[in-house]
> 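My structure is below; once you've seen it, I'll send some questions.
First the proteins, then the strands, lettered A, B, ... as listed; each starts at 1.
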There are 2 protein chains.
Amino acid sequence: MADAVEPLKARRIYLLLRERILNGDLEPGSRLPGELSIAAGYGISRVTVRRALDTLASDGLIDRRPGSGTFVREGNSVQPIVADLSNVLSHLVEMGRRTGVRLLSFAYVNPPESVAASLGLEPGERTQRSIRVRLIDGAPFSYLVTHVPERIGVTYSEADLASTPLLGLLERSGVVVEEASQSIGATLAGPDVADALGLEIGSPLLSLTRVVWDPSGQGVEHLHALYRPDRYSFHMDLVRTGAVGARRWNPVAKPATAGPEPHKRIIKGPESPKPKSRPVRVSNQRRTST
Amino acid sequence: MADAVEPLKARRIYLLLRERILNGDLEPGSRLPGELSIAAGYGISRVTVRRALDTLASDGLIDRRPGSGTFVREGNSVQPIVADLSNVLSHLVEMGRRTGVRLLSFAYVNPPESVAASLGLEPGERTQRSIRVRLIDGAPFSYLVTHVPERIGVTYSEADLASTPLLGLLERSGVVVEEASQSIGATLAGPDVADALGLEIGSPLLSLTRVVWDPSGQGVEHLHALYRPDRYSFHMDLVRTGAVGARRWNPVAKPATAGPEPHKRIIKGPESPKPKSRPVRVSNQRRTST
DNA sequence: GTTACCTGTATACCCTATAATACATTTCGC
DNA sequence: GCGAAATGTATTATAGGGTATACAGGTAAC
């Protein structure tokens, strides 16, 4: 859609503004600051701002009304998939969405030191590394790099991996999966990831690193996942616990049973469209999310 | 440190490479691909790659050895603050780190529609909006925008906010805080945020949106937080629960009691340096994190 | 030694993205 | 109706970012 090549300064502004429009930070229907104000704000010339706006307009994200201003077009904020922090995707299937996996790479390698350390491998021990891309309704939303100790990896085939979730394969192989530890951050897309996820280099990404252990404390999987934040985000409900003076949040433990009931209360913020109805309390609904 | 102005394409490569070095994706001591390979990989010329490498070298992140190659200098990956998902910072204080807050803005406003909707406000109801920046050891790491319904906001002053955590003020005012819902995503830094956090425009950010309700289901706080991922990340421990065929992850509920014991097991991934020792199982230690 | 590959260095060119400026036209509030 | 402010349009000029190319010098593997 957008022109093949484009000025860089203009493109940066374009990307920034697009971000703010898509995640609802700039509210649909509202007016942007004037081109001159934007130019001043970013310290660039009006011509450059215009180029960015041109692209936005050709994307259908804004309406430009001469004499009046530039407006955010309605109905554009895209609702990302909301993942429970347990990061299980089966509810997507329940919701009738078509998911898919593309296996980009499958090999046995000498793992990076950081991976070896977190899995607790012996020096020189090799891992099976797979790179996969997950799709929802044909659109890629995550880029997954997993490392599994070689001796475990050999219990399933490349074809298995292309069709079955990794944890399922591990458990099928008799590995007992019990504990994991994960951390969430953010990064920029490099050329390979950008390509695989259909993004521009330099787009923001949610990053998740998870290490899974069996009951003996032996690492069985190291996952490094990158998510398109416009298509995927993490969600969790919290309750306030603890005594006065030491109060804190704790996650709400969710029942393992799953119902077909869809998410009803989605967090709103600068990052999602607004529901009209008043939010319902959590306890009044069963959250689905398995 | 870096030159004031810099080519844009070169700068993008610089930022990308810096990311990968700082979070350990490019391992300390390892050799980068040759300048020509990099150039080919990103589809740019060698001269441009060189400019990026020049900046990295002047940052002290790489060593360039003529005839041999370019190497990632050791000891550069910065450990981000690891926040528990309960997102409480008091453990930082326990660890003897100096934290601070800068209040950038304090005003009563007509909230964005998305905020009004998620708080369940009446049409036209105003909110108190504050913008704060949190510092650790003098370095900014988070940018917080909060909205509180006006009638609650008036129970504390601007000075209160500059010195006391918002939730504390709310509870002091008799508001009962019980439930919250939050989602985590990623974005790019705009000019204002970049400025406040000491970043470049276009840097990646962790984004957190949280809505807090009182027991009646009335929203009392809407928080939109942006974190520098190099200084802050979320961490959580999970256990595998549920019957076969419906197994899933659940967060480990942490005790409300806090001990001075520091984090011992940090997730390793492309995003943190490597410990030498084999990881210890979670259950063997008390995690601190209140 | 020889070869291959790497970084260091220099030059020259292109050309286009950006800025600066001016003016026309539309809309909206007063 | 008038004026302020917005977008649309056009022109020009320049800086400098990016490329291409060539060669020198160092290092390491064989």
> Which residue lies toward the 5' end of DNA chain C, A:T48 or B:T70, if each is placed at its nearest nucleotide?
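Upstream on the strand: B:T70.
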> Can you find a side chain N or O atom of A:K9 that sits less than 4.0 Å from OP1 or OP2 on D:dG17?
no
> Separation of A:E35 atom CD from D:dG8 atom C1', in whole Å?
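The answer, rounded to whole Å, is 8 Å.
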> Are a donor atom and an acceptor atom from the side chains of B:S183 and A:S233 found within less than 3.5 Å of each other?
no
> By nearest atom, which of the nucleotides D:dG18, C:dG8, C:dT26 is closest to the A:P66 side chain?
C:dT26
> Rounded to the nearest angstrom, tell me the gap between atom CG in B:D63 and atom P in D:dT27.
14 Å
> For the side chain of A:R64, starting at C-beta, report the closest nucleotide among D:dA20, D:dG8, C:dT7.
D:dG8
> Taking atom P of C:dA19 as reference, at what distance in whole Å does atom CZ of A:R50 sit?
15 Å
> Taking the minimum atom-to-atom distance to the side chain of A:R51, which one of C:dA17, D:dT7, C:dG8 wins?
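Nearest to the side chain of A:R51 among the choices is C:dA17.
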> Identify whether the distance between the nearest side-chain nitrogen and carboxylate oxygen of B:E35 and B:R64 falls below 4.0 Å.
yes
> Heavy atoms only, 4.0 Å cut-off, all strands: where does B:R65 land among base, sugar-phosphate and nothing?
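The answer is sugar-phosphate, as B:R65 gets under 4.0 Å only of primed atoms, P, OP1 or OP2.
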> Would you call A:L135 and A:F141 a side-chain contact if the rule is heavy atoms closer than 4.5 Å?
no
> With distance as the sole criterion, is a donor-acceptor pair present between the side chains of B:S45 and B:T48 under 3.5 Å?
yes
> Quick one: A:F71 CZ to D:dA6 P, roughly how many Å, whole number?
11 Å
> Would you say the side-chain atoms of A:Y143 and A:D192 include a donor-acceptor pair closer than 3.5 Å?
no
> Using a 4.0 Å heavy-atom cut-off, does B:I44 contact any base of the nucleic acid, only the sugar-phosphate backbone, or nothing at all?
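Sugar-phosphate only.
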> Tell me which of B:G34 and A:G67 sits closer to the 5' end of DNA chain C, going by the nucleotide each one is nearest to.
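Of the two residues, B:G34 wins.
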> Would you mind classifying the nucleic acid contact of B:L36 as base, sugar-phosphate or nothing, using non-hydrogen atoms under 4.0 angstrom?
nothing
> Please tell me which of the listed nucleotides, C:dT18, C:dG8, C:dC28, lies nearest to the side chain of A:S68?
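Comparing C:dT18, C:dG8, C:dC28 against the side chain of A:S68, the answer is C:dC28.
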> Rounding to a whole Å, what distance do you find between A:R12:CZ and C:dT18:C1'?
14 Å
> How long is the line joining CD1 of A:I13 and C1' of C:dT18, in whole Å?
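My rounded result for the distance is 12 Å.
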> Tell me: CG of A:L53 to P of D:dA6, nearest whole Å?
13 Å
> Quick one: is C:dA20 close enough that its OP1 or OP2 comes under 4.0 Å of any side-chain N or O from A:R46?
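Answer no for this pair, as no side-chain N or O of A:R46 is under 4.0 Å from OP1 or OP2.
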> I need the CD1-P distance between B:I38 and C:dC6, as an integer number of Å.
10 Å
> Out of D:dA6, D:dG18, C:dA19, which has the shortest distance to the side chain of B:A10?
D:dG18
